[in-house]
Amino acid sequence: MITLLYFARLRETFGLSSEQANLPADVADIRSLTEWLRQRGGAWQEELAQDKPVRVAVNQDMATPDTSVRDGDEVAFFPPVTGG
Amino acid sequence: MITLLYFARLRETFGLSSEQANLPADVADIRSLTEWLRQRGGAWQEELAQDKPVRVAVNQDMATPDTSVRDGDEVAFFPPVTGG
Amino acid sequence: MTVQIQTEDFDLGAEILNLRRGNTGIGAVASFVGLVRDLNHSTTVTEMTLEHYPGMTEKALAEIVEEAKRRWNIIDALVIHRIGPLKPTDQIVLVAVSSAHRGDAFAACEFIMDYLKTRAPFWKKEQTEAGAHWVDARESDETTAQRWTAPSA
Amino acid sequence: MTVQIQTEDFDLGAEILNLRRGNTGIGAVASFVGLVRDLNHSTTVTEMTLEHYPGMTEKALAEIVEEAKRRWNIIDALVIHRIGPLKPTDQIVLVAVSSAHRGDAFAACEFIMDYLKTRAPFWKKEQTEAGAHWVDARESDETTAQRWTAPSA
């Protein structure tokens, strides 16, 4: 089980701020996790398309496509930040 | 007649904050004015020596040795500034 | 080193006095306040809402402040960032840095703001006469933040 | 654009509120406060006296602020500099700049401080346990100010 969090435009488009998910055996990093979520189709396919500037954090640290994902992790998807 | 002003260390060393002076005919710029003051000897010779970092303003604008001096001008001598 | 996320407004004067309190070696305090403008890209903004990622925001800001402390000779630093609904002229963010000499305070304060703009998880949603929309990240903010990265790194 | 020379203390919070008042286009306020440190070059400072050149000071500061206005896209600027006797932890100077975007406010505020340090006629006399002395100008202040001069100029 991992915890997935969505913020800002992604939260609104997905209609979801968080969910618990059981990862398939072949999902081991952010690249494969994103591909797995994309396969849900609709807004997921569109917002997580490769040309979209989506940012990902694993356990509250900024992640790259190669960052590993394990059971118990908190993984957040969000647009580039705009605070300040 | 010109007005001469002295600030900070120069004011204290000369024991003078301002004076009115009639310029000799050969004093036409800051270089010759400084030389004329230096000839007073003592603290004047010492504080206005060429290796001392004295600043000069004419009519409240920073001046160089070549800046002209005319009757009616306000000429100030002071050390490099240290405010802020 | 203090990092605060809050919905309430803050008092710049009181915060700076508090930052200075008890340290007679402080010669310089540089501070920055970011405010809601009523006009953004020629659209009139009536309200703005700030969302954040609780937990990660505090962690990201603390790391940015620690990095500033490593890079410059600073005495203390403070970051306050507001969340929730804000109106034009409302204060959004305060960054303040104290140091012995001014160069450190200026550089660290601007560094913290530049990194906050690109690395702290906050998002702005603007309400305009034409409707609500999420503010797009500005590429110039990323460029500005990158100038703090050593070219040889 | 306001320049004030005064013996009285100033209230940072009130001054910044006043600077912001009535302009809803301000997105950024950068400010700097310089303070008397109790220690300078390993000597304990008990009091400091600031002397200035009345008339030229106001003129020099106004010119520095005008130059900042020419160089950056700023909305307003404020300089307050105190004169007379001051104690450790007392405020000496405030420089504040408002603008639409933060880069202009930061740069103009630091520029005004750097130019003030090298071009505005103020002099500090320190009273220490070992006696009174005029503070020497620091060469580093001149170097710092010179970085604002275009290399090709």
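Remember, predicted model here, so these are calculated numbers, not experimental data. To find a chain, count down the sequence lines: A is the first, B the second, and so on, and within it residues start at 1.
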Requested in this report: Give the ring-plane orientation class for W123(D) versus F7(B), where under 30° counts as parallel, over 60° as perpendicular and anything between as tilted.
Outcome: parallel
Requested in this report: With a 4.5 angstrom heavy-atom cut-off, could you sort out which part of R55(B) is near chain D: side chain, backbone, both or neither?
Outcome: neither
Go through the atoms of [X] and report whether side chain, backbone, both or neither lie under 4.5 Å from a heavy atom of chain B.
X	result
R82(D)	neither
K124(D)	both
E63(D)	side chain

[X] side, atom [atom1]; [Y] side, atom [atom2] - distance, nearest 0.5 Å:
X	Y	atom1	atom2	result
E51(D)	E12(B)	CD	CD	7.5 Å
D136(D)	R9(B)	CG	CZ	7.5 Å
T82(B)	K125(D)	OG1	NZ	12.0 Å
F78(B)	H52(D)	CZ	NE2	13.0 Å

Which atom pair, heavy atoms only, marks the closest approach of [X] to [Y]?
X	Y	result
G83(B)	L116(D)	C-CD2, 4.3 Å
Y53(D)	A57(B)	CE1-CB, 4.4 Å
M56(D)	Q60(B)	N-OE1, 3.3 Å
V81(B)	A137(D)	O-CB, 3.9 Å

Are more than 12 heavy atoms from other residues, nucleotides or ligands located less than 6.0 Å from atom [atom1] of [X]?
X	atom1	answer
E139(D)	CD	no
Q50(B)	CD	no
K69(D)	NZ	no

